[in-house]
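Here you go, one structure.
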Amino acid sequence: MIKLEVHDLFLSFGGIEALKDISFSVNNKEIFSIIGPNGAGKSSLLNCINGLYHPQKGKIIFKQTDITNWPADKIAKLGIGRTFQNLELFKGMSVLDNLMLGRHNHLKYGIMPSIVWIGRASKEEITSRVKVEKIIDLLEIQSVRKKTVGTLPYGLQKRVELGRALAVDPEIMLLDEPMAGMNEEEREDMARFILDINEEMDKTIILIEHDMSVVMDISDRIMALDFGEKIADGTPEQIQNNSDVLNAYIGGKEKGQVA
Amino acid sequence: MNYFIQLIVSGVVLGSIYALIALGFVLIYKATRVLNFAQGELLMAGAYIAFALTVQLHIPFWSAFFIAMLLCALLGLIIEILILKPLIGEPIISIVMITIGLSIVLKAIVEMIWGTETRVYPAIFSTQPITLGAISVSKSSLFSLGAAITLFIIFHLFFKFSSTGIAMRAVADDQQAAQSMGINIKKIFAISWMVAALVAGIGGILIGNMNGINVSLGMFGLKVFPAVILGGLDSVPGAIIGGITIGVLESLSGGYLDPLVGGGVKMVAPFAILLVILLIKPYGLFGTEEIEKV
């Protein structure tokens, strides 16, 4: 079953064409990875999907709804969550508050009930707390739950950001380089968390990652981008043996280029 | 000694009003990174709205007070929708210039409708001051202090516990991430302006209640700059402490230095302090130091 469809997406910043007619689809509950050299347009693509950038042409369809050009908050509410390449946490708040913020959409009560703490306010908050505690357990961040996020080591901050995206309870999670800057052990942990989220919580995952061994290990399908163009997609085996992908990474001659 | 305490008390009363206006200023800065130069004029507008309601429409003070609060919030919303919203995405400096224009327009409108002479509210408190030992405080000052403290408590709870308040903190911290959590930042911008106009309006009514009102009330907006710079532009507790500190310093310098030099120190003192703060602590006492990682 197809979860997300992207048709002929085109995005340019002035004269720079960041994405050139990209089309692909992501199946339900799969781990779909996007690879490509720096500047290939991977993050721009995620930014289009979750509404931070608005493409000039093309269509993005999620849940039978055309979400192209929707504002980011509406897309988040419909069920697409994300993490960022450079951490975008609420640094002054505690780990718990960051995760509770992820529950923002699910808290419907207004100002007064929340001040006097009655009825719906406390009930909704308790449900949210239960979900957040589950995420804390899953990501093994119990020991730092009350700590201010800004004081945590980088690897843990990455984990908190993943947890916050999870707290939104999205159907699709966009993960932008969740393992960048991590050591071997932290990377293995992160890969395990991503698999857990995918298998136990039934989340569809779109992943950008530079660590090829991890990408090949955990992905169901992979798409390769280069200079804003899609050069290949397929299973990890197919991608590993694709000559265009190898050229893009190793720097082979482009078609028609004069030596 | 009594004289000293008396000065401190009147400084705290004045400072709590500065703090209120500073709070509105900080709210807008935190959410939108815009320095609102029209904060003082919002205060003036609030004072005149209350004046129109009580004196010209003969509505009893307390009802007028609450209606004026609503109208101020509405004014903030209208300003946000008509003037600020179309500018989202434009350079911050353009928006800041627009707020200067806004301050001039608001002032002109008030002069057009009510003229320039000083007006007074009907007295709602007896002029008999309350005496505590050797110190005497007027009832309207006490009311101002009480109202300011109540508002600070409400805001503290609002930011700490309400989902809107938490969303506002999130937007102040990181707009992209907040959007990705499903927070509508345009709504948060609008709420920031509404709340800022509301607290400024209340500040205006409190001052009007003590000193009467005229168009120079807008000058209070300038007095708030030392307060927010002292506290840190993006810190709510900083706004409160900064406001009260500036109020007390103004009162002390007025009480002790003005008689020596023949007056005027009171007006200058907050700005002298502003300069000193900028030299030693450019981000203020509680402001976020911005360190760009490369």
Side-chain angles (χ1 to χ4, degrees), chain A residues 46-47 49-53 70-93 97-117 120-122 124-125 128 149-150 161 164-165 167-170 173-174 176, chain B residues 26 30-31 69 73 85 88-89 150-192 194-195 198 232 234-238 283 286-294:
Chain A
L46 289 200
N47 284 342
I49 296 175
N50 98 312
L52 291 176
Y53 291 171
W70 277 28
D73 55 287
K74 267 179 84 184
I75 293 179
K77 282 187 183 122
L78 196 66
I80 297 182
R82 78 169 291 177
T83 64
F84 293 87
Q85 187 174 350
N86 302 313
L87 286 165
E88 308 270 355
L89 283 161
F90 307 120
K91 289 209 165 56
M93 300 188 200
D97 283 347
N98 264 276
L99 296 191
M100 286 303 280
L101 247 165
R103 302 293 307 165
H104 176 82
N105 289 330
H106 304 275
L107 302 177
K108 298 278 182 285
Y109 56 84
I111 295 166
M112 277 323 284
S114 64
I115 290 176
V116 292
W117 193 255
R120 232 147 54 98
S122 59
E124 282 179 16
E125 184 108 2
S128 283
V149 165
E161 203 189 15
R164 189 184 62 184
V168 181
D169 211 2
M173 293 189 55
L174 313 175
D176 196 345
Chain B
V26 167
K30 257 176 99 80
M69 278 166 65
K85 193 166 271 175
I88 288 178
T150 313
L151 278 169
F152 294 141
I153 294 172
I154 291 175
F155 275 106
H156 179 72
L157 296 175
F158 172 72
F159 280 116
K160 207 155 172 77
F161 298 114
S162 79
S163 64
T164 310
I166 295 171
M168 284 174 83
R169 279 161 62 201
V171 170
D173 223 333
D174 190 323
Q175 292 187 3
Q176 280 203 338
Q179 273 183 298
S180 304
M181 303 280 100
I183 294 168
N184 182 342
I185 58 170
K186 286 188 182 155
K187 200 169 113 193
I188 298 293
F189 287 179
I191 294 173
S192 306
M194 283 171 73
V195 174
L198 174 77
D234 54 1
S235 164
V236 171
Y283 294 103
F286 305 96
T288 321
E289 294 192 23
E290 279 178 31
I291 299 161
E292 194 81 25
K293 283 187 190 151
V294 193

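If you're wondering where the values come from, they're calculated on a predicted model, not measured in any experiment.
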Taking the side chain as everything from C-beta on, heavy atoms only, tell me whether B:D173 gets closer than 4.5 Å to B:K30.
no

Would you confirm whether A:E161, through its side chain, and A:F84, through its main-chain N or O, come within 3.5 Å as a donor-acceptor pair?
yes

Taking A:N47 for its side chain and A:L52 for its backbone only, find out whether a donor-acceptor pair lies under 3.5 Å.
no

Compare every heavy atom of A:P170 with every heavy atom of A:G81, then report the nearest pair and how far apart it is.
N-CB, 3.3 Å

Between A:D97 and chain B, which part of the residue has a heavy atom less than 4.5 Å away: side chain, backbone, both or neither?
side chain

Can you say whether B:A178 sits under 4.5 Å from chain A via the side chain, the backbone, both, or neither, judging by heavy atoms?
both

Contact origin within A:L174 toward chain B - heavy atom pairs under 4.5 Å
neither

Of the listed A:K74, A:R82, A:K91, A:R164, the one with the largest count of heavy-atom pairs under 4.5 Å with chain B is A:R164

